Number of protein chains: 2
Amino acid sequence: MARATIKDIALAANVSPMTVSNVLNGRRAKASDETVERIMVAVRELGYRPNMSARSLVSNASRMVGVVIPFTETQNQLLLDNPFYAEMISGIESALRQNGYYMMLSGVGESNAQLDTLSHWNMDGLIVLGVYREGLYQHLRELDLPTLLIDSYIDDAHFHHLRLDDEAAAYAATSHLIARGHTGIALVTGVIRTSGVIERRLAGYKRALSEAGIGFDAARVLSGSVTFDWGAEAADRLTQLPGVTAAFCTADLIAAGLLAGLHRLGRRIPEDYSVMGFDNLPVSRMVYPALTTVDQSILEKGKLAGDLIARVLRKEAAPRESTTDVRIVERDSVLDRRPK
Amino acid sequence: MARATIKDIALAANVSPMTVSNVLNGRRAKASDETVERIMVAVRELGYRPNMSARSLVSNASRMVGVVIPFTETQNQLLLDNPFYAEMISGIESALRQNGYYMMLSGVGESNAQLDTLSHWNMDGLIVLGVYREGLYQHLRELDLPTLLIDSYIDDAHFHHLRLDDEAAAYAATSHLIARGHTGIALVTGVIRTSGVIERRLAGYKRALSEAGIGFDAARVLSGSVTFDWGAEAADRLTQLPGVTAAFCTADLIAAGLLAGLHRLGRRIPEDYSVMGFDNLPVSRMVYPALTTVDQSILEKGKLAGDLIARVLRKEAAPRESTTDVRIVERDSVLDRRPK
DNA sequence: CCATCTCGGTTTAACGTAAAACCAGCATCT
DNA sequence: AGATGCTGGTTTTACGTTAAACCGAGATGG
C-alpha cells in the first residue's frame with residue numbers, strides 16, 4: 001500500500017481534503033471538535049505523513065533554511081573538520097529546529113553549483129558562514145532570499161549580518177597580555193584579506209600596543225593560514241624574533257600548532273613563551289598547557305543566527321546587524337611577568 | 001518576474017514542455033541537436049532553475065539521502081562537536097555529491113520526530129551513524145528505505161552495514177603495547193552496551209592479553225563515556241591501579257582527557273604511563289605528547305558509505321556488510337620498555 | 001506494396017497539497 | 001423582513017514536473 005495522503009484521510013474521516021489540510025496546519029479554526037477528532041484518528045490509523053514536496057510546490061516555501069559553509073581548498077569537501085564550523089552548525093540547527101525550520105547544509109567551493117542545488121529546493125532563507133570570493137555574493141543577491149551572513153564584512157543592504165566586534169576582541173586579548181607584563185607580543189594569524197575579519201583583529205592588536213606605548217613592528221605579524229600546521233611552522237619564525245615573549249594567535253587551531261611547534265623546539269610554555277588563542281574551541285582545553293583564549297561562544301552565536309533568520313522569515317522586526325560578545329578565558333598558557 | 005519554469009522554456013524554444021524535460025534530464029535521446037541548442041539557449045537566457053519539489057512530487061524520489069547522527073544527551077543538539085561525526089559526514093557528503101545525490105542531515109534524540117521530518121521529504125535512502133535505542137530501528141524498518149548503518153551491530157537483513165573489525169582493531173592495539181614490553185595494560189572506554197562496538201573491542205583486548213599469557217583483570221577496565229572529561233577523570237582511577245604502565249583508550253577524545261588528567265597529577269607521558277588512542281582524530285596530533293593511535297580513516301569510511309548507498313540506490317550489486325581496515329599510527333605517547 | 005521500425009517529437013494525465021472563492025444554515029441586528 | 005455576519009465546512013483550481021501513451025513522416029524489410 002502506498003503512503004496515505006490527505007485524500008485518504010479525508011475519505012476515512014468523511015470530510016473534504018481541504019478540511020484535513022486546514023486542521024493539520026492549524027489554519028482558520030474552522031472545524032468542530034468532533035471533526036478534528038475524527039481526522040486525528042484517521043491520521044493515526046493510516047499513518048499519514050505529509051508530503052513536503054507537494055506542500056512546498058503549492059505554497060512556494062519549504063520551511064528549510066540553507067546553511068552554506070566553505071569547502072576545503074584542496075579537496076572539495078565540507079569544512080566540517082574545522083570544529084569552529086561544526087559547533088556553529090550545531091547551534092544553528094538547534095535554533096532553527098526550535099523555530100520550526102529545517103536545515104539544509106551545503107558546501108561552496110570554486111563554483112556556485114552547490115548553491116544552485118540549494119535554490120532548486122526552494123529554500124526560505126540562507127545562512128552563510130565565512131568569507132568567499134565576491135562572485136558568490138553576487139550570486140546570493142540574485143537568489144533574492146533572506147540571507148544572513150556570519151563573520152563577513154560585505155557591505156550591502158541586501159544582507160543581514162551577525163558578527164563579533166573583532167577589533168575590540170583583539171584589543172582585549174592583546175591588552176590581556178600587556179597587563180601581564182608582556183611587551184614583545186607577536187600576532188600569528190591567517191591570510192589577511194582586505195575588508196575581512198583578520199584585518200580588524202590586526203587593527204585591535206595595533207591599538208592595544210599603541211595605547212600601551214609599545215611600537216608596532218610588522219616583523220612580529222606572522223601571517224599564514226588558519227591551520228594547525230601553520231601554527232607549528234610559525235614556531236620556527238617566532239623563536240627567531242628578538243624580544244618576543246608572547247604570541248596572540250587569531251585562532252585556537254593556530255595556537256595549538258604553535259604549542260606543538262614550540263614543544264618540538266624544546267621551549268617551555270608559558271615560561272619561555274606565553275600563547276593566547278581565539279575561539280575557545282574544545283581543543284583549547286585539550287592541548288598542553290590548556291590555552292588561555294578568547295571565548296566567542298560559538299554555539300550561542302549559531303543559535304542566535306538561527307533565531308535571527310527565523311525572525312526575518314516570520315517578517316518580525318530583526319536587526320540588520322547584530323554583534324555578539326566576547327570574553328577572555330584564562331587557563332595555563334599565559335605567564336604573569338609582572339614583578340611581585 | 002517569477003522564476004522561469006519548464007513551460008517558459010518550452011515557449012521560448014518553441015517545443016513542448018515534455019521535450020524540455022527530456023533534454024534537461026538526458027532521457028531517451030529524442031531531440032535533434034538543433035532543438036537541444038535552442039532549449040539550452042532559452043535555459044541560459046531565462047535563468048531556468050529546476051524546481052525539485054515538483055520533480056520530487058511527480059517522480060516520488062528526491063535524490064536526497066538522509067544522514068542521521070545522534071543528538072547530545074543533555075541538550076537536543078547535533079553531535080557535531082564530536083569530530084568523529086564531523087569528519088565522517090564530510091566524507092559522506094563528498095561521495096554522495098559525486099554520485100549525484102544530496103545529503104540531508106538530521107539529529108535523532110529521544111523521539112523519532114526528526115526522523116519523521118526526513119521521511120516527509122521523501123528521502124531516497126538513509127545513512128545512520130552510531131547506536132540508538134531499539135525503538136529507532138523499528139521505526140527505520142517501517143520507513144522501508146534503503147538504509148546503511150555505520151558502526152552498528154543490529155542484526156537484520158533489512159539493513160546494510162559498514163563497520164570495522166572492532167575485535168581485531170583492539171587486538172592489534174593491545175598487542176602493540178604488549179610488543180613494547182607492557183604487561184599492565186588498562187582499558188579506558190565508554191559505556192559497554194550489549195551487542196555494541198565497545199563489547200567487541202573489549203573482546204579483542206582480552207584475546208591479546210590471553211595470547212600473551214597475561215591474566216585479565218576486570219579492575220583494569222575503566223568504563224565511562226566517550227568524552228574528554230571522562231578521560232581526565234579516569235586518570236585518578238588509573239593511577240590507583242598497581243602494576244599498570246599503559247592505557248588503551250577506545251577513543252582519542254578519552255585519551256586526550258587521560259593525558260590532561262595525568263599531567264594534572266604530575267605524571268609524565270610516556271615515561272610513567274603509555275597511552276594509546278583510537279580513531280586518529282585531528283586532535284590526536286594536537287595533544288602533548290602526540291598520541292599513538294589506531295587510525296580508522298574516518299573520512300575514507302564516510303566516502304565509502306556514500307558510495308555504498310549510491311550503489312544500492314542505483315540498484316547495483318552492493319554488499320550487505322562491508323568492513324574497513326585499520327592501521328596503527330605511531331607517535332610519541334607510547335614508551336618502548338623492552339630492554340635494549 | 002504493405003508491414004514494421006525509428007526519429008523527433010506532442011498530448012494527456014497525474015503527483016499531494018493549499019489558496020481562494022464559495023455556500024448553506026442559522027443567529028443577530030435594525 | 002431584509003440585510004448582515006458567523007460557523008463549519010466544500011469546490012475549484014493551480015503549483016512545476018514527468019510517466020505513459022500516442023502520432024506522423026520517412027526509412028527499411030521481405
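When reading the values below, keep in mind they use all heavy atoms of this one structure, side chains included, and skip hydrogens, waters and symmetry mates. Chain letters run A, B, ... following the sequence lines, proteins first and then strands; every chain starts at 1. Since we're looking at a predicted model, the values are computed, not measured.
Under a cutoff of 6.0 Å and an axis angle of 45°, A:R63 and A:Y101 form a cation-pi pair.
Nearest nucleotide to the B:I6 side chain, out of C:dT17, C:dT10, D:dT17: D:dT17.
Between A:S32 and D:dG9, a side-chain N or O to OP1/OP2 separation shorter than 4.0 Å is present. Checking the phosphate oxygens (OP1, OP2) of D:dT10, a side-chain nitrogen or oxygen of A:T19 falls inside 4.0 Å.
Scanning for salt bridge (Lys or Arg N to Asp or Glu O under 4.0 Å) contacts around A:R163 gives A:E321, with sequence neighbours left out.
Residue whose closest nucleotide on DNA chain D sits further toward the 5' end, between B:Y48 and A:R38: A:R38.
When the options A:I92, A:L149, A:V68, A:L79 are evaluated for a side chain to side chain contact (heavy atoms under 4.5 Å, CB included) with A:L129, the one that passes is A:I92.
At whole-Å resolution of the value, CG in A:N51 and P in C:dA14 are 18 Å apart.
Comparing the end axes of the helix from C:dC1-D:dG30 to C:dT30-D:dA1, each fitted to five base pairs by superposing C1' atoms of four pairs onto the next four, gives an inter-axis angle of 40° (nearest 10 degrees).
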Please tabulate the protein-to-nucleotide N/O contacts below 3.5 Å involving nucleotides 19-22 of chain C, giving atom names and distances.
none

Listing, residues 8-19 of chain B side-chain donor-acceptor contacts under 3.5 Å, not counting sequence neighbours, or none:
unit_1, atom_1, unit_2, atom_2, d
B:D8, OD2, B:T5, N, 2.8
B:S16, OG, B:T19, N, 3.4
B:S16, OG, B:T19, OG1, 3.1

Without placing hydrogens or testing angles, list every side-chain donor-acceptor pair under 3.5 Å for residues 308-315 of chain A, not counting sequence neighbours.
unit_1, atom_1, unit_2, atom_2, d
A:R311, NE, A:A317, O, 3.4
A:R314, NE, A:E316, OE2, 2.7
A:R314, NH1, A:N99, OD1, 2.9

Can you give me every donor-acceptor pair (side chain of residues 83-91 of chain A, partner residue at least two apart or in another chain, under 3.5 Å) with its distance?
unit_1, atom_1, unit_2, atom_2, d
A:S90, OG, A:A86, O, 3.3
A:S90, OG, B:L78, O, 3.2

